[in-house]
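What follows is a single structure, written as structure tokens, with notes after it.
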Amino acid sequence: MRQVEKFIRKAPKGISCHDFCIGVTRQIGKHYGKSLAKRLAEHPEERLTASAVVFSRVNREIWMIGDCQCIVGGIYYDNPKPYEQELAEQRADIINSSSEPKEHFLEDDTARQQIIPHMIETMKQQNVTYSVIDGFRIPEQHVRVITLDFRPWEIILASDGYPFLCPTLEESEQKLSHQRETDPLNIGQFKATKAFKAGFNSFDDRAYIRFRA
């Protein structure tokens, strides 16, 4: 995340999506150095990996690299990882069919442990069938680009840590709190590959920004 932030801060204001993908990839690649490059080429699961949703004011575009989400002019967009929902469904099925009480999985999520090998296997498709920022070439056909005209737009950019993205931060946080209270395992209407840990107010990282442009 810090390496991506560092690149964004120094990037030219008119940078294209193509040049952004190349530049941010080089930024992470430099952090690895040559000694790690060969191993990481063969082991994507060990790479530093991030998603980003970027608004280019000059180009009037939003770039979605990896699993992020946004609302533009009231319309919702996302760019989910393939297989993520399938794995979340598998985890939910394991929990729902288990004779163990639900509380067991909040303390020791053995259902997640069962899907982790499959999660690692899907990482072999990282920057092949889906895009992420990880220091290796980003396949731009898997970067979602939203083009805007020059009228004013209300834009919300967010990470995937909000299961229900809403028009305000307050509403999004309320939905997140309701999810934690009613379905902390994330196996109901909203399914995820992990649960809320005890004492945590979220199950994943979250970022939210709303602005007009």
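Numbers here simply count residues along the sequence, with the first being 1.
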TODO: Anything under 30° is parallel, anything over 60° is perpendicular, the rest tilted; go ahead and classify F20 against F7.
DONE: perpendicular

- [ ] Check step by step if side chain to side chain contact (heavy atoms under 4.5 Å, CB included) holds for N201 and R180.
- [x] CA-CA 7 Å; N201 62 5; R180 184 186 61 192; 3.1 Å; yes

Task: Nearest heavy atoms of C17 and V143, plus distance in Å - done: SG-CG1, 4.0 Å

- [ ] Would you confirm whether the ring centroid of F203 sits within less than 6.0 angstrom of the ring centroid of F190?
- [x] yes

TODO: Report the distance from atom CG of L165 to atom CD1 of I156, rounding to the nearest 0.5 Å.
DONE: 6.0 Å

- [ ] Any chance you could lay out the side chain to side chain contact (heavy atoms under 4.5 Å, CB included) test for F196 and E181, step after step, and finish with the verdict?
- [x] CA-CA 10 Å; F196 289 80; E181 290 163 8; over 6 Å; no

TODO: Validate the cation-pi geometry between R60 and F150: distance from NZ or CZ to the six-membered ring centre under 6.0 Å, angle to the ring axis within 45°.
DONE: yes

Open item on the list: Both conditions, 6.0 Å and 45 degrees, for the charged tip of R47 above the ring of F136: are they met here?
Closed with: yes

Open item on the list: Between N79 (side chain only) and M64 (backbone N and O only), is there a donor and an acceptor less than 3.5 Å apart?
Closed with: yes

TODO: Please report the closest heavy-atom contact between Y77 and I146, naming both atoms and the distance.
DONE: CG-CD1, 3.5 Å

Task: Check: D149 side chain, R151 main-chain N or O, donor-acceptor pair, under 3.5 Å - done: yes

Open item on the list: With a 4.0 Å cut-off on N to O distance, would you call R39 and E42 a salt bridge?
Closed with: no

Task: H118, NE2 atom: more than 12 neighbouring heavy atoms under 6.0 Å - done: yes

Open item on the list: Assigning hydrophobic clusters by single linkage (Ile, Leu, Val, Met, Phe, Trp, Tyr; side-chain heavy-atom cutoff under 4.5 Å), is V132 placed with V4?
Closed with: no

Open item on the list: Is it true that W63 and N59 share a donor-acceptor pair across their side chains at a distance under 3.5 Å?
Closed with: no

Task: L87 side, atom CG; T193 side, atom OG1 - distance, nearest 0.5 Å - done: 7.5 Å

Task: Backbone N/O of G66 and side chain of S131: donor-acceptor pair under 3.5 Å - done: yes

Open item on the list: Check for me, please, whether V54 and I22 land in the same ILVMFWY cluster - side-chain distances under 4.5 Å, paths through other members count.
Closed with: no

Task: CD1-CD1 distance between I133 and I28, expressed to the nearest 0.5 angstrom - done: 7.0 Å

Task: L106 with I187, same ILVMFWY side-chain cluster at under 4.5 Å - done: yes

Open item on the list: Can a donor-acceptor pair be found, under 3.5 Å and without considering hydrogens, that links the side chain of R91 to the backbone of A192?
Closed with: yes

TODO: In sequence, state the C-alpha distance, the side-chain angles, and the governing distance for Q69 and Y162, and then conclude on side chain to side chain donor-acceptor pair (under 3.5 Å).
DONE: CA-CA 9 Å; Q69 53 185 337; Y162 287 102; over 6 Å; no

Open item on the list: Measuring from atom CG of L176 to atom OG of S202, what distance do you get when rounded to the nearest 0.5 angstrom?
Closed with: 4.5 Å

TODO: Would you name the heavy atoms of A111 and I95 that are closest together and state the gap between them?
DONE: CB-CG1, 3.5 Å

Task: Side-chain donor or acceptor of H31 paired with backbone N/O of Q3 under 3.5 Å - done: no

Open item on the list: Is there a side-chain contact between R144 and D78 in this structure, where contact means two heavy atoms from C-beta onward sitting under 4.5 Å apart?
Closed with: yes

Open item on the list: A side-chain contact here means heavy atoms from C-beta on lying under 4.5 Å apart; do S172 and Y208 qualify?
Closed with: yes

Task: Main-chain N/O of H104 paired to D108 side chain as donor or acceptor, under 3.5 Å - done: no

Task: Close side-chain approach of C21 and I65, heavy atoms under 4.5 Å - done: yes

TODO: Give a yes or no answer on whether the side chain of S159 reaches the backbone of D205 with a donor-acceptor pair at less than 3.5 Å.
DONE: yes

Open item on the list: Could you check whether atom CZ of F200 has more than 12 heavy atoms from other residues, nucleotides or ligands sitting under 6.0 Å from it?
Closed with: no

- [ ] Hey, could you give me the CD1/CD distance between I115 and E121, rounded to the nearest 0.5 Å?
- [x] 14.0 Å

Task: Verdict with reasoning, Q179 to N186, per side chain to side chain donor-acceptor pair (under 3.5 Å) - done: CA-CA 8 Å; Q179 178 69 21; N186 292 326; 2.9 Å; yes

TODO: Write down the atom of G161, the atom of D204, and the distance for their closest heavy-atom approach.
DONE: CA-CB, 4.0 Å

Task: Atom NZ of K10: over 12 foreign heavy atoms under 6.0 Å - done: yes

TODO: Mind checking the CG-CD spacing from D67 to E84? Nearest 0.5 Å is all I need.
DONE: 6.5 Å

Open item on the list: Salt bridge check, K194 against D109: does any charged N sit closer than 4.0 Å to a carboxylate O?
Closed with: no

Open item on the list: So that I know where these two stand, are Y83 and Y130 an aromatic pair - ring centroids less than 6.0 Å apart?
Closed with: no

Open item on the list: According to a hydrophobic-cluster definition based on side-chain heavy atoms being under 4.5 Å apart (Ile, Leu, Val, Met, Phe, Trp, Tyr only), do Y76 and I155 belong together?
Closed with: no

Task: L48 backbone acceptor or donor facing Y32 side chain under 3.5 Å - done: yes

- [ ] Would you indicate whether the side-chain heavy atoms of V24 and I138 approach each other to under 4.5 Å?
- [x] yes

Open item on the list: Please check: side-chain N/O of K191 versus main-chain N/O of G188, any donor-acceptor pairing under 3.5 Å?
Closed with: yes

Open item on the list: Atom NE2 of residue position H43 - does it have more than 12 heavy atoms of other residues, nucleotides or ligands inside 6.0 Å?
Closed with: yes

Task: L148-V53 co-clustered via ILVMFWY side chain contacts under 4.5 Å - done: yes

Task: For the student: nearest non-hydrogen atoms of K175 and C166, plus distance - done: CG-SG, 3.7 Å

Task: side-chain hydrogen bond (donor to acceptor under 3.5 Å, both in side chains) partner of D134, the single match among T25, N127, T49 - done: N127

TODO: State whether the side chain of S97 and the backbone N or O of D93 hold a donor-acceptor pair below 3.5 Å, judged by distance alone.
DONE: yes

Task: Test item: side-chain donor near acceptor, T168 and E171, under 3.5 Å - done: yes

Open item on the list: Quick test of your reading of the model: are E173 and R206 salt-bridged, counting only N-O distances below 4.0 Å?
Closed with: yes

Open item on the list: On a heavy-atom basis, which atom in P184 and which in A195 lie closest, and how many Å separate them?
Closed with: O-CB, 3.3 Å

